[in-house]
Asker: 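Just dropping this structure here.
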Amino acid sequence: MLRKSFLTTIAAVAFSTALTPAFAGGTGDMGHRPAPVYHPAAPVEVPTQVIRSCEGPALREGQWTFTARAGIAPTSDGDDKARVRQTFVNGSTYGSTYDPVYGPTYGSHGSTYDSHGSTHGVVHNRFKHHNDLAFATGFDIGYVPMDNVEVFFNFDYAYSGGSKKHLRNSISDHDGTIDLSTRYKQGNLNSYGFHIGGRYFFELDDCNFSPFVGAKLGVSYRNHDRHNVRVVVTQNNSTLINGLYRSPLHRDTTGFSAGIQAGLDYCVSDPVSLFIMGEAIGITNSNSHVHKRLVFTDAPRSDRLYTYGSHKIGSTFTFPITVGVKVRM
């Protein structure tokens, strides 16, 4: 009996020892738990936007470009060939006839003396065309057929406000000096240009800076507002004529235009660059005109005021200086 109990105890210990590895890591008295093994997680890559540096050609073959710009446009447009002239005829004069362009038919143009001893008063006020410094803006759409060569279509717009002038003249008369005061405001100018052209960009050691030269050819349309004229004629503190009229000193014109340009392009980051550009553009004018008309008559004295306008401008030259932004696509 004692032997049987002893064998039973040995068998139970052996069985328990055999089961211990299978329950390793358990709880309580089932055995020692081994330390857990941790494996570091793989790093997660977060995509970031990296601005590429400006390397290689300023323009790459196959790119499209869009350019926007603004600046000023000094203009020279044949001032000595565009004018309005006013001619005042003293109504107290008698014994002569009058030509609305040249004044009295007797004697030289200007003041003359007829057989009755009365003075003809003729005053010529000349107003040369003049506008304020023009504001210019525009945009280009271009394509790059080969590295650093750009062909483009462009639209140009310029606006110039009318300037003001005040001129005074006097006429000697036996009844007292006649004073003529004229306040004049040139109409505003709007100009529209449509051109096609090309540019070449030079490469420097510093790839961010690229000088360029170009040329363009197209047409330009110029719209002139009428000018306003206020005339006051007095004699011995009495007003003879006081009136306002508007006159079309310039007609709208359309002409061929061509220009050359040069500038410097600075690459901020692909695909954006800043630039400064200077141009010289010549514009032909397609028409000219002359107008003359009687604008005022004073009934009691028959004083008359004529206006004579002429528009015969030769080639117009404008010199835009603009800054802007170019985007490559």
Asker: Does F152 have R199 sitting over its ring (NZ/CZ under 6.0 Å from centre, angle to axis within 45°)?
Answerer: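 Verdict for F152: a cation-pi partner in R199.
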Asker: Are Y266 and V327 in one and the same hydrophobic cluster, where Ile, Leu, Val, Met, Phe, Trp and Tyr link if side-chain heavy atoms are under 4.5 Å apart?
Answerer: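 The answer is yes; both residues are in one hydrophobic cluster.
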Asker: Examine distances only and state if a side-chain atom of S257 and a backbone atom of T284 form a donor-acceptor pair shorter than 3.5 Å.
Answerer: no
Asker: When rounded to the nearest 0.5 angstrom, what is the spacing between CD in Q261 and CD1 in I281?
Answerer: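 If we round to the nearest 0.5 Å, Q261:CD and I281:CD1 are 8.0 Å apart.
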Asker: Please determine whether ring-ring contact (aromatic ring centres under 6.0 Å, His included) holds for the pair Y159 and Y157, giving the CA-CA distance in whole Å, both sets of side-chain angles, and the decisive distance to 0.1 Å.
Answerer: CA-CA 7 Å; Y159 170 83; Y157 170 74; 7.1 Å; no
Asker: Report the residues that fulfil salt bridge (Lys or Arg N to Asp or Glu O under 4.0 Å) with D265, sequence neighbours left out, ordered by chain and then residue number.
Answerer: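 Per chain and number, D265 pairs via salt bridge (Lys or Arg N to Asp or Glu O under 4.0 Å) with R328.
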Asker: Distance from M329 atom CE to Y143 atom OH, nearest 0.5 Å?
Answerer: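 One gets 12.5 Å once the value is rounded to the nearest 0.5 Å.
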Asker: Tell me, do F155 and F194 make a side-chain contact under 4.5 Å, heavy atoms counted?
Answerer: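 F155 reaches F194 side chain to side chain.
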Asker: Testing the basics here: between G71 and T322, what is the closest heavy-atom pair and its distance to 0.1 Å?
Answerer: N-CG2, 3.7 Å
Asker: Is there side-chain contact between N148 and F202, with heavy atoms separated by less than 4.5 Å?
Answerer: no
Asker: Would you call L244 and R183 a side-chain contact if the rule is heavy atoms closer than 4.5 Å?
Answerer: no
Asker: Using the rule that two of Ile, Leu, Val, Met, Phe, Trp, Tyr join whenever any of their side-chain heavy atoms come within less than 4.5 Å, decide whether F139 and V323 are in one cluster.
Answerer: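 Per the 4.5 Å side-chain linkage, F139 and V323 are co-clustered.
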Asker: Check the pair K216, D156 against salt bridge (charged side-chain N to carboxylate O under 4.0 Å, His left out), reporting the backbone distance first and the verdict last.
Answerer: CA-CA 12 Å; K216 62 185 183 181; D156 293 321; 2.7 Å; yes
Asker: Let me confirm one number: the OG-CZ distance from S273 to F209, rounded to the nearest 0.5 Å.
Answerer: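 The OG atom of S273 sits 11.5 Å away from the CZ atom of F209.
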Asker: Taking the side chain as C-beta and beyond, is there a heavy-atom pair between S220 and H195 under 4.5 Å?
Answerer: yes
Asker: Do N188 and N190 meet the criterion of a side-chain donor-acceptor pair at a distance under 3.5 Å?
Answerer: no
Asker: Looking at every non-hydrogen atom in both residues, tell me the closest pair between F317 and G282 and how far apart they are.
Answerer: CD2-CA, 3.9 Å
Asker: Checking side chain to side chain contact (heavy atoms under 4.5 Å, CB included) for the pair Y221/N223: CA distance, chi angles, key distance, verdict?
Answerer: CA-CA 7 Å; Y221 169 76; N223 170 268; 3.7 Å; yes
Asker: Locate the shortest heavy-atom distance separating A73 from L133; write the atom from each residue and the value.
Answerer: C-CD1, 4.3 Å
Asker: Starting at OG of S181, measure out to CG of N169 and round the result to the nearest 0.5 Å.
Answerer: 9.5 Å
Asker: Let me check something: do F66 and W64 share a hydrophobic cluster, defined by ILVMFWY side-chain heavy atoms less than 4.5 Å apart, either directly or through other members?
Answerer: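 Shared cluster, yes.
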Asker: Test question: given the 4.5 Å side-chain rule for I, L, V, M, F, W and Y, name all other residues clustered with I260, or answer none.
Answerer: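 Other cluster members: none.
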Asker: When you compare the side chain of R230 with that of N242, does any pair of heavy atoms fall below 4.5 Å?
Answerer: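 Yes, at least one pair of side-chain atoms sits under 4.5 Å.
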Asker: When rounded to the nearest 0.5 angstrom, what is the spacing between OG in S160 and CD1 in I72?
Answerer: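 Between atom OG of S160 and atom CD1 of I72 there are 12.0 Å.
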Asker: Testing the basics here: between F275 and T67, what is the closest heavy-atom pair and its distance to 0.1 Å?
Answerer: CE2-CG2, 3.2 Å
Asker: Does any part of the side chain of E203, heavy atoms only, come nearer than 4.5 Å to the side chain of D147, both counted from C-beta?
Answerer: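 The answer is no; the side chains never approach within 4.5 Å.
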Asker: Please round to the nearest 0.5 Å and tell me the distance separating atom CZ of F296 and atom CD1 of I241.
Answerer: 7.5 Å
Asker: According to a hydrophobic-cluster definition based on side-chain heavy atoms being under 4.5 Å apart (Ile, Leu, Val, Met, Phe, Trp, Tyr only), do V144 and V272 belong together?
Answerer: no
Asker: Hydrophobic cluster membership, with links at side-chain heavy-atom distances under 4.5 Å among I/L/V/M/F/W/Y: are L180 and Y245 in one?
Answerer: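 Per the 4.5 Å side-chain linkage, L180 and Y245 are co-clustered.
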Asker: Just wondering, do L274 and V325 contact through their side chains at under 4.5 Å, heavy atoms?
Answerer: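 When only atoms from C-beta onward are counted, L274 and V325 do touch, with a gap below 4.5 Å.
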Asker: How close do S170 and T177 get, heavy atom to heavy atom, and via which atoms?
Answerer: CB-CG2, 3.8 Å
Asker: Is there a side-chain contact between L189 and R222 in this structure, where contact means two heavy atoms from C-beta onward sitting under 4.5 Å apart?
Answerer: yes
Asker: Decide yes or no on side chain to side chain contact (heavy atoms under 4.5 Å, CB included) for R168 and H166, but give the supporting numbers first.
Answerer: CA-CA 7 Å; R168 295 178 179 274; H166 184 196; 3.3 Å; yes
Asker: Report the residues that fulfil salt bridge (Lys or Arg N to Asp or Glu O under 4.0 Å) with K326, sequence neighbours left out, ordered by chain and then residue number.
Answerer: E150
Asker: So, T318 side chain and T316 main chain: donor-acceptor pair closer than 3.5 Å or not?
Answerer: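 Looks like no, no N/O pair under 3.5 Å.
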Asker: For I196, is the CD1 atom crowded, meaning more than 12 foreign heavy atoms sit under 6.0 Å from it?
Answerer: no
Asker: More than 12 heavy atoms of other residues, nucleotides or ligands under 6.0 Å from CZ of F256: is that the case?
Answerer: no
